[in-house]
There are 2 protein chains.
Amino acid sequence: MTTPASERSEPTASIDDALRRLRQSGGRITSAKQALIEFFFTAEAMLTAEQIGALHPDVDNSTIYRCLSQFEELGIIEHVHMGHGAAVYRRGGTPTAPITCVVCGRTEQTPISLLLPLVSAIEEETGIDVDLVHFPLSGRCIRCRSDVRAI
Amino acid sequence: MTTPASERSEPTASIDDALRRLRQSGGRITSAKQALIEFFFTAEAMLTAEQIGALHPDVDNSTIYRCLSQFEELGIIEHVHMGHGAAVYRRGGTPTAPITCVVCGRTEQTPISLLLPLVSAIEEETGIDVDLVHFPLSGRCIRCRSDVRAI
DNA sequence: TTCTTTGCAAAATGTTTGCAGATAC
DNA sequence: GTATCTGCAAACATTTTGCAAAGAA
């Protein structure tokens, strides 16, 4: 369901491109899918399936999940496990890795290019090509580090 | 519930040490807690709450969860979110960070000291002191990278 | 005796699935 | 016409919670 940065699938360049990919795989273009794809091409933030569902009240949540997983198989979108709680979704192939503060929840989108040296170093030391998108880094931001309160 | 590597609580050195910490916090020593603490001082692998519960059939799962969270507040244990699925638990203050292959599930325990330069680099770039224990790195190991099959 | 802990059952959360009818092509 | 898709309801997995009885100090 996810692939290391080094071999992510090509991002879909446009709504039509995504719909084309969907059609080519044997999928049908329904109004739900159309709406969801449009959503991903205009969304500013990464949202959970439930949040996306709330924006599309005429579409059942099970349909939301089924569409999302279909889109994901086609590389149109990808999901990110941010800390505890539900996964969030965004367009596939986005060249940034989220880094989150577990205390305040603030998320930095860090260019993957910036993190590649770290990824290489980890790979050399452990043999594992880490995927910083699917399971992103998290910790405490400067602001929250001075806070004493527990997480 | 978790703290960056730079300020993790002192690990408990022995079963008695852990029980002492428990008592000092106002907790009572019950047979369930005794058994669980003993478990953590002899366990070789990190297990989920459910797996730990299966090893203690006389203890209800809700009690398992309550004990685990009490132990965690005292720094006796810590939990790790390994990929999808349930969290796994281990003794607190362990000086290694797990790195997991999402394909085969194999986990390397990497010395935190080895990862500190990376943590520093990320902190310099993002201002976030990443916690590689609570939300560990994951990716694909060499063996699985040659595999074509999807995750 | 007092406060903590336990078991049980139920709820909460996030996600998946079976099925019968609706829809795209 | 046929395969895909949908809504609904129900299951599922993990974790949390309310409550009354049991146990530790």
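Throughout, a chain's letter reflects where its sequence line sits, starting with A, and its residues are numbered from 1. Remember, predicted model here, so these are calculated numbers, not experimental data.
- Regarding B:Phe71, its CZ atom lies at a distance of 16 Å from the P atom of C:dT4, rounded to whole Å.
- Contact check for A:Ile15 versus A:Ile37: side-chain heavy atoms found under the 4.5 Å cut-off.
- The distance between atom OH of A:Tyr65 and atom C1' of D:dC8, rounded to the nearest whole Å, is 16 Å.
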Check nucleotides 1-3 of chain D against the protein and report each pair of N or O atoms closer than 3.5 Å, with its distance, or say if there are none.
from, atom 1, to, atom 2, distance (Å)
D:dA3, N3, A:Arg28, NH1, 2.8

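- Under a cutoff of 6.0 Å and an axis angle of 45°, B:Arg90 and B:Phe40 do not form a cation-pi pair.
- Across the protein-nucleic acid pair, A:Leu19 atom CG and C:dA24 atom P stand 14 Å apart, rounded to whole Å.
- The interatomic distance linking A:Ile64 (CD1) with D:dT6 (C1') rounds to 12 Å, in whole Å.
- Between A:Cys104 and A:Arg143, the closest side-chain pair of non-hydrogen atoms is not below 4.5 Å.
- The phosphate of C:dT6 (OP1 or OP2) has a side-chain N or O of B:Thr30 nearer than 4.0 angstrom.
- Of the residues near DNA chain D, B:Tyr89 and B:Arg23, the one whose nearest nucleotide (by heavy atom distance) lies more toward the 5' end is B:Tyr89.
- The separation between A:His79 atom NE2 and C:dG14 atom P is 14 Å, rounded to whole Å.
- B:Gln70 has a side-chain polar atom (N or O) that falls below the 4.0 Å cut-off from OP1 or OP2 of C:dT5.
- Along DNA chain C, the nucleotide nearest A:Gly85 and the nucleotide nearest B:Ser31 are compared for position; the residue whose nucleotide lies closer to the 5' end is B:Ser31.
- Listed nucleotides C:dT5, D:dC5, D:dT14 differ in distance to A:Lys33; the shortest reach to its side chain belongs to D:dC5.
- No side-chain heavy atom of A:Thr96 sits less than 4.5 Å from a side-chain heavy atom of A:Val133.
- Note: CD (A:Gln34) to P (D:dC5) measures 14 Å, nearest angstrom.
- Of the listed residues (B:Val130, B:Asp131, B:Thr126, B:Val119), just one forms a side-chain contact (heavy atoms from CB on, under 4.5 Å) with A:Leu137, and that residue is B:Val130.
- What separates CD1 of B:Ile29 from P of D:dG23 is a distance of 17 Å, to the nearest Å.
- Put simply, the side chain of A:Leu36 reaches to within 4.5 Å of the side chain of A:His56, judged on heavy atoms.
- Place B:Asp60 and A:Asp60 on DNA chain D by their nearest nucleotides, and A:Asp60 ends up nearer the 5' end.
- Here B:Phe135 and A:His84 bring their ring centres to under 6.0 angstrom of each other.
- When the nucleotides C:dT15, D:dC19, C:dA9 are ranked by their closest atom to the side chain of B:Arg66, D:dC19 comes out on top.
- Judged by atom type and distance alone, A:Thr63 does not reach the base of D:dC5 through any side-chain donor-acceptor pair under 3.5 Å.
- Atoms CG (B:Asp58) and C1' (C:dC8) sit 15 Å apart, rounded to a whole Å.
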